[in-house]
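What follows is one structure encoded as structure tokens, with my remarks underneath.
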Amino acid sequence: MRIYCPRKFHDWLESVKVECSYCGEIIKSILISCPEENVTSKFLAPYTTFSRIHEKSITCLDISSGGGLGVSTSTDGTMKIWQTTNGETRRILEGHIYDVNCCKFFPSGLVVLSGGMDSQVKIWSAEDASCPVTLKGHKGGILDVAIVERGRNVVSSSRDGTARLWDCGKSACLGVVADCGSPINGIALDVADSSVELGSPEDTPSNREIGTEGKLLLLAREDKKLQGVSLHSRQPVILFSGSDAFNCCAFLSSVHILAGAQDGNIYQLDMRNTQTPVQVTHRSGAPVLSLMPFKEGYIASQGDGSCFIIQQDLDHVIELTEPDSDPVYKVATSEKLIYTCCRDGIVRKYLLSNL
């Protein structure tokens, strides 16, 4: 059973006020149970929304490691850095041609990585909005990016079906990590458990590769496949076939991974045996647009406006309300704060007081 949150739930939340012991802010929530179906959901309303950062749909966002800055991209053609306290724009990052599909802060919080439909990956200064590095080599739009450790190397995926490893210092491609022949809609990078065989490189890796050993790159592919490739050896590690195109993927742990499909399925897999999923979650037929690990579970957003948190240690699902039927494209977190971006052009900020 799926509990859908229409506008009336948000109206109820407006009248339910709870003071958070974490920071003293007022949050609004309501817990609804259906004993017959053994389903319980907690609906949480945003306590802050930013509607003036962009003029149109916000397609991607990220939050700096310190939590003070956000970066976002929009169909209005802009990419902006803004303050998370009030949504005030700090910098406008100009240089991509056409739409910017993805953006991500480096661990320092002072540098931003982006990829656009112009097939370029760019690196920006969050302090003065300059763009000292542009990475060229893809033959199709960039759909996702990942940062290797502190960021001397980065990874990009593209509509051209390839994932590439880049040397930021030399503005050079260190190699094609994967060539799938199908658009790679999303990627995730993390350390794999020692029980997962990552293989050895056929050729001696460049000394410009920093921190690639032990890393597994997940590829969410348009051709209904989830692939895992060793970043260091370039060897294929896992290949799983799903029910529809994969839009996004994430690591739950060093052995467990997630993948979200166009038909609404969320697959949880064990990398040591991907023949049978550990679990398949299906809450609606809307596309799964983003996944990210959170605490002992994960956050997922879908094309029907739903955004929810599933935690292993909770007996209920937390529903993040208000987008109604507008797709929630991306989720980012900073401690107990969750930020979402939506087709309606609003950034919503949620406070979780008890997780």
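No hydrogens, no waters, no symmetry mates; every other heavy atom, side chains included, goes into these values.
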Just so I know, are the side chains of [X] and [Y] near enough to count as touching, which here means a heavy-atom distance under 4.5 Å?
{"X": "L231", "Y": "V148", "answer": "yes"}
{"X": "T89", "Y": "R91", "answer": "no"}
{"X": "I338", "Y": "V331", "answer": "yes"}
{"X": "Y298", "Y": "L258", "answer": "yes"}
{"X": "L189", "Y": "L218", "answer": "no"}
{"X": "L269", "Y": "V278", "answer": "no"}
{"X": "V145", "Y": "W166", "answer": "no"}
{"X": "S41", "Y": "F43", "answer": "yes"}

Check whether [X] reaches the backbone of [Y] with its side chain - one donor and one acceptor, N or O, closer than 3.5 Å.
{"X": "T75", "Y": "K56", "value": "no"}
{"X": "T162", "Y": "A178", "value": "no"}
{"X": "D304", "Y": "S325", "value": "no"}
{"X": "S158", "Y": "G141", "value": "yes"}
{"X": "K80", "Y": "I53", "value": "yes"}
{"X": "T84", "Y": "G68", "value": "yes"}
{"X": "S72", "Y": "C60", "value": "no"}
{"X": "N101", "Y": "I142", "value": "yes"}
{"X": "S74", "Y": "S57", "value": "yes"}
{"X": "S301", "Y": "V328", "value": "yes"}

Nearest atoms (heavy-atom pairs only) where [X] meets [Y]:
{"X": "P183", "Y": "L143", "answer": "CB-CD1, 4.4 Å"}
{"X": "S65", "Y": "P107", "answer": "OG-O, 2.9 Å"}
{"X": "I63", "Y": "S334", "answer": "CG2-CB, 4.0 Å"}
{"X": "V288", "Y": "C248", "answer": "O-SG, 3.7 Å"}
{"X": "F294", "Y": "E335", "answer": "CE1-O, 3.9 Å"}
{"X": "S284", "Y": "Q302", "answer": "OG-NE2, 3.4 Å"}

Intermediate values then yes/no, side chain to side chain contact (heavy atoms under 4.5 Å, CB included), L219 and V229: CA-CA 8 Å; L219 312 172; V229 180; 4.0 Å; yes

Verdict with supporting geometry, N153 and L174, side chain to side chain contact (heavy atoms under 4.5 Å, CB included): CA-CA 9 Å; N153 295 160; L174 293 173; 3.8 Å; yes

Taking side-chain contact (heavy atoms from CB on, under 4.5 Å) as the criterion, tell me which of V154, V133, V155 meets it with L113. V154

Sole residue of V237, D193, L216 in side-chain contact (heavy atoms from CB on, under 4.5 Å) with M271: L216

Among all residues two or more places apart in sequence or in another chain, which pass the side-chain contact (heavy atoms from CB on, under 4.5 Å) test with S125?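 E127, D128, S130.
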
If the threshold is 4.0 Å, N to carboxylate O, is there a salt bridge linking [X] and [Y]?
{"X": "R343", "Y": "D326", "result": "yes"}
{"X": "R348", "Y": "D344", "result": "yes"}
{"X": "E319", "Y": "K42", "result": "no"}

Looking at [atom1] of [X] and [atom2] of [Y], how far apart are the two atoms once the value is rounded to the nearest 0.5 Å?
{"X": "C341", "Y": "I58", "atom1": "SG", "atom2": "CD1", "result": "6.0 Å"}
{"X": "L252", "Y": "E296", "atom1": "CG", "atom2": "CD", "result": "9.5 Å"}
{"X": "I123", "Y": "L135", "atom1": "CD1", "atom2": "CG", "result": "5.0 Å"}
{"X": "I238", "Y": "K225", "atom1": "CD1", "atom2": "NZ", "result": "13.5 Å"}
{"X": "C342", "Y": "D324", "atom1": "SG", "atom2": "CG", "result": "9.0 Å"}
{"X": "C307", "Y": "E322", "atom1": "SG", "atom2": "CD", "result": "12.5 Å"}

Spell out, yes or no, whether [X] and [Y] are grouped together once hydrophobic residues are joined by side-chain heavy atoms under 4.5 Å, including indirect joins.
{"X": "V196", "Y": "F251", "value": "yes"}
{"X": "V71", "Y": "F106", "value": "no"}
{"X": "I184", "Y": "L226", "value": "no"}
{"X": "M292", "Y": "F105", "value": "no"}
{"X": "I257", "Y": "V280", "value": "yes"}

Please walk me through it: do T340 and L61 pass side chain to side chain contact (heavy atoms under 4.5 Å, CB included)? CA-CA 8 Å; T340 65; L61 89 166; 5.9 Å; no

Near R164 CZ, under 6.0 Å, is it more than 12 heavy atoms from other residues, nucleotides or ligands?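 Buried by this count: over 12 neighbours within 6.0 Å.
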
Give a yes or no on this: more than 12 heavy atoms of other residues, nucleotides or ligands lie within 6.0 Å of atom CD of Q83.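 Buried by this count: over 12 neighbours within 6.0 Å.
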
Output all residues satisfying salt bridge (Lys or Arg N to Asp or Glu O under 4.0 Å) with D223, sequence neighbours left out; order by chain, then residue number. R221

For residues 172-191, which residue pairs pass the side chain to side chain donor-acceptor pair (under 3.5 Å) check, not counting sequence neighbours?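 Non-adjacent pairs meeting side chain to side chain donor-acceptor pair (under 3.5 Å): N185-E222.
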
Considering only residues two or more places apart or on different chains, which pairs with a residue in residues 208-217 satisfy side chain to side chain donor-acceptor pair (under 3.5 Å)?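 Listed by first then second residue: E149-K215, D167-R208, E209-T212, E209-R234, T212-H232.
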
Cut-off 3.5 Å, side chains only: do S157 and D144 have a donor facing an acceptor? no

Show, in sequence, the C-alpha distance, side-chain angles and deciding distance for L291 and I299, and conclude whether the side chain to side chain contact (heavy atoms under 4.5 Å, CB included) test is met. CA-CA 6 Å; L291 291 167; I299 310 173; over 6 Å; no

List the residues meeting ring-ring contact (aromatic ring centres under 6.0 Å, His included) with Y267, not counting sequence neighbours, and say none if there are none.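 Listed in chain order: F240, F246.
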
Could R283 and F308 be counted as a cation-pi pair, given that NZ or CZ must be under 6.0 Å from the ring centre and within 45° of the axis? yes

Members besides Y329 in its Ile/Leu/Val/Met/Phe/Trp/Tyr cluster (side-chain heavy atoms under 4.5 Å): L289

